[in-house]
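By convention in this document, chain letters (A, B, ...) are assigned in the order of the sequence lines, proteins followed by strands, and residues within each chain are numbered from 1.
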Amino acid sequence: MSSSYKARTTEQKWQKKWNSSKLYKVNLASKKPKYYNLVMFPYPSGDKLHVGHWYNFAPADSWGRYKRMNGFNVFEPMGFDSFGLPAENYAIKTGVPPQKSTEKNIVSMIKQLGAMGTMYDWDKTAVTSRPDYYKWSQWVFLQLYKKGLAYKKDAPVNWCSSCQTVLANEQVQDGKCDRCSTIIIQKNLYQWFFKISDYSEPLLDNADLDWPEKTKIMQKNWIGKSSGCDIYFKLEDGDDVLTAYTTRPDTIYSVTFVVMAPEHPLLDGLVKGTKYEQEVKEIRKVINRQSIIERTSDTGKDKIGCFTGKYVINPVNGAKIPVYVANFALMYGTGIVMADAHDQRDFEFARKYSIPLKFVISEKGEKIDPKDFQGAYTGDGILFDSEGFNGMNNRQALPKMIDFLEGKGFGKRATNYKLRDWLLSRQRYWGAPIPIINCPKCGEVPVPDKDLPVVLPIGNVDYKPKGKAPLASVPRFVNTKCPKCKGKANREVDTMDTFICSSWYYLRYLSAKDKKQAFDPKIIKKWMPVDMYIGGPEHACMHLLYARFIHKVLMNDPKAEPFKKLVHQGLITKDGAKMSKSKGNVVSPDEFVEKYGSDVFRMYLMFMGPFTDGGDWSDKGITGLARFVERFWTMLDAKETKVVDQKVMKISVHKLIKKISEDIEKFHFNTAVASLMEFTNLGLKNGLDKASKKIAAQLIAPLAPHLAEECWSKLGGKYSIFDSKWPKYDAEFTVDDTVRIGVQVNGKVRGEIEISKETTQEEAIKLARSNENVLKYLTQGQVVKEIYVPGRIVGFVVK
RNA sequence: GCCCGGGUGGUGAAAUGGUAGACACGCAGGACUUAAAAUCCUGUAUCAGCAAUGAUGUGCGGGUUCAAGUCCCGCCCCGGGCACCA
């Protein structure tokens, strides 16, 4: 007679024991092989941990436990990415300093993480908003500054004229401020950038990374390398030259107009004092309100622009062609687009504004005219009306045309990247202040390392910006001394993008005890790169690219990579939407943990589906896991069970070892749990000996750590199960003696035969033919082919 | 719009090109119980049939193959990202 499993008390007992025995304290100097198991650290939101966090962290912890049982010294740290917008907005609303609300959230999240029963070593943590962390974020900024990778330039921000503040994209809804509905405009501010574009090539080199292929492709597309040509368009009057970059110089004879970005620095000069000045101003005002997605969206009605009154010369044919301003031209690259009939967007714009168009490519080189077409001819083909290039295939002509343009001085071969420099200035309070002092005499002066951190003032701050960043009203920021000349100077009042803080935290976790450096080069050398990095796919292009960039810079090695292997967990939604406080659809794990225990809850999340898929939250089915834990407990707890068949038992145990090991290696936790259920259903029926029970406890240990530790201890295992060795399977016992396979006739299953693993093709086919139902179909024609895939299928083709 | 994913029973899902629906939830029936809960047993893609079996079936339309959820081409729908949410 076995008693039922008391999840909550058992879990608390083991959590206590794990703590008091310091089971998860990691010795970074240990000689065991290292394994750095990292998850993306959370933002300490007021919603605390939700089921999405659990969905992410629990399997990641299971993975760490699995690696530990496989003999690795697993380092599994946890921290908080605690700067950011929500705490600042909360402060604006309530006056509570972000330091206070953030630290409070951290305390409750640590408590929740404890209830989860994870292996985190809290001696080694990182909280980005604490001065002992952001001191070093500022130091990181200065490293980039000293390498010439930080610079300032004008860049637009979302500006709400009513709130007198900069808005995040998230705060702009349909072009309006989400608080006061004022129409948002783009306003230029002088801001800091990191030259990530200098690292385009090293960042493209990702062949050695064990990352999801889709993530690598997304990064590659984000960096957007293309090769093409700059083409110079001289103004008809005046000396200015408009340089356009194109990947399609083969269409140069088709170019009938040129489009400028509304933000182009030459634009004002071009239209100043002309009758077009007013119209350009008006159109720019409208475009100012559009988001980049709206501007580049490919649906015809959204394309807007106007004539500038200016003309440029198409260098190849001397044609005088008009210059337009349009929303779809962005101020990236040269900010000038050469426009022609072979591009759909250009074509539609030209139609809308009655600009002449001409084709120079057709399928066979026959002359075609845009007036007979509804849209652009975007295919490849044979060139015509292109002087020396007529009759050539456009793709083959392309490099020759670049040679021609270069030879004549009309242009220059060029490589282009879509990757833009990283804008890091934020006109906000809750971030790390940029460690630069502006001195009227000495100019930009970096804060000396000994004066770091530049501390954020606590309390007595007006978090709500009134036209200026909040720190602009803090006296010690406005009045300070220049470190060079000791004269009066002022500090930067902008703070840094939180992505900077999250670009190097994995190094901070590895600090030496005294923490007197940002990170310890000796420890880094041993422990980097991170062996497993787990986090959401939404970070594919930004965080993961920024971290790779910062790591390369800090390591002084363009080949250095921070994350060797990467896995993305899926997103957990509620009623189809991302969980967020504003939508009021955040689901807390606490009540489920209270009711069923952490093991049941984490296994339920794993059992929901593949880790990389995510899904919509529902607690339907959690009882299945509670039943399973109870059954598993009964199976291992029953004093003496009669083993029905030793060999059958042995095979089921070894098959399970193989299956669980393979599934965990592939992050298929869902099928690992399913196999354990199947095993339990059989084990309760057929009985298990003590050695097999101990193996079963070990196999469930990564997935249900408390349950496993309890079973292990009851079975007389030495504490802790997580210091025991992961069981090995004997291949001999992983194959059943006989299998049932299907018999197909012309691809349709017509019967089933049971054969042993030694059965030859002849025997299998003979057996299949003896099946009455199969025979029925075989006699309907001539058997022209016989197929035998051992262990899978017997097939006949009948004609 | 652009880039990247995904679409399988009532539900969550499983499936190296080889018997589609493992494992669960739910539901139905049964056992135990005065009763209920819990537990245990049986059934459960759809249609026809007592059954054997047959037909249909993995978003839609085509293709390759003895054999397609899986590979190829063209659509539709849903999700993530698009540079200030993190």
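One finds the CZ atom of A/Arg769 at 5.0 Å from the CZ atom of A/Phe796 (value rounded to the nearest 0.5 Å).
A distance of 6.0 Å or more separates the ring centres of A/Tyr506 and A/Tyr533. Taking the six-membered ring for Trp and the full ring otherwise, A/Phe141 and A/Trp422 have centroids separated by 6.0 Å or more. Note: A/Tyr604 and A/Trp54 fail the aromatic proximity criterion, with ring centroids not under 6.0 Å apart.
At the phosphate of B/A67, neither OP1 nor OP2 sits under 4.0 Å from any side-chain N or O atom of A/Tyr788. For the OP1/OP2 pair of B/A14 and a distance below 4.0 Å, the side-chain nitrogens and oxygens of A/Asn670 include at least one atom meeting the criterion. Phosphate proximity of B/A24 to A/Arg627: absent, as no side-chain N or O sits under 4.0 Å from OP1 or OP2. Phosphate proximity of B/C40 to A/Arg631: present, with a side-chain N or O under 4.0 Å from OP1 or OP2. For A/Arg750 and B/A55, the shortest distance from a side-chain N or O to OP1 or OP2 is below 4.0 Å. For the OP1/OP2 pair of B/U16 and a distance below 4.0 Å, the side-chain nitrogens and oxygens of A/Lys666 include no atom meeting the criterion.
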*Which parts of nucleotides 77-86 of chain B does protein reach within less than 4.0 Å, heavy atoms only, written one letter per nucleotide 5' to 3' as B for base, S for sugar-phosphate only and - for none?*
---SSBBBBB
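Taking atom P on both B/U16 and B/U11, the two are 23 Å apart, rounded to the nearest angstrom. Using atom P as the reference point in both B/C60 and B/U70, the two lie 11 Å apart (nearest Å). Taking atom P on both nucleotides, B/G69 is separated from B/U64 by 16 Å, rounded to a whole Å. Here the separation of B/A20 from B/A13, taken at their C1' atoms, is 13 Å to the nearest Å. The C1' atoms of B/G59 and B/G9 are separated by 15 Å, rounded to the nearest whole Å. Separating the C1' atom of B/U33 from that of B/C23 is a span of 31 Å, rounded to the nearest Å.
Glycosidic torsion of B/G74 falls outside 90° of 0, placing the base in anti.
Base pairing annotation: B/U39 forms a Watson-Crick or G-U wobble pair with B/A31, both donor-acceptor distances under 3.5 Å. Pairing for B/G9 is absent, judged as Watson-Crick or G-U wobble with the two contacts each under 3.5 Å.
Here the closest heavy-atom approach between residue A/Ala7 and residue A/Tyr596 is recorded as CB-O, 3.6 Å.
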*Please assess A/Lys655 against A/Asp736 for the test salt bridge (Lys or Arg N to Asp or Glu O under 4.0 Å), listing each intermediate value before the final yes or no.*
CA-CA 9 Å; A/Lys655 273 169 87 172; A/Asp736 287 307; 2.5 Å; yes
*Step by step, work out the side-chain contact (heavy atoms from CB on, under 4.5 Å) result for A/Phe669 and A/Leu605.*
CA-CA 9 Å; A/Phe669 302 106; A/Leu605 290 169; over 6 Å; no
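Here B/G18 is the nucleotide among B/G18, B/C23, B/U19 with the atom lying nearest to any side-chain atom of A/Val789.
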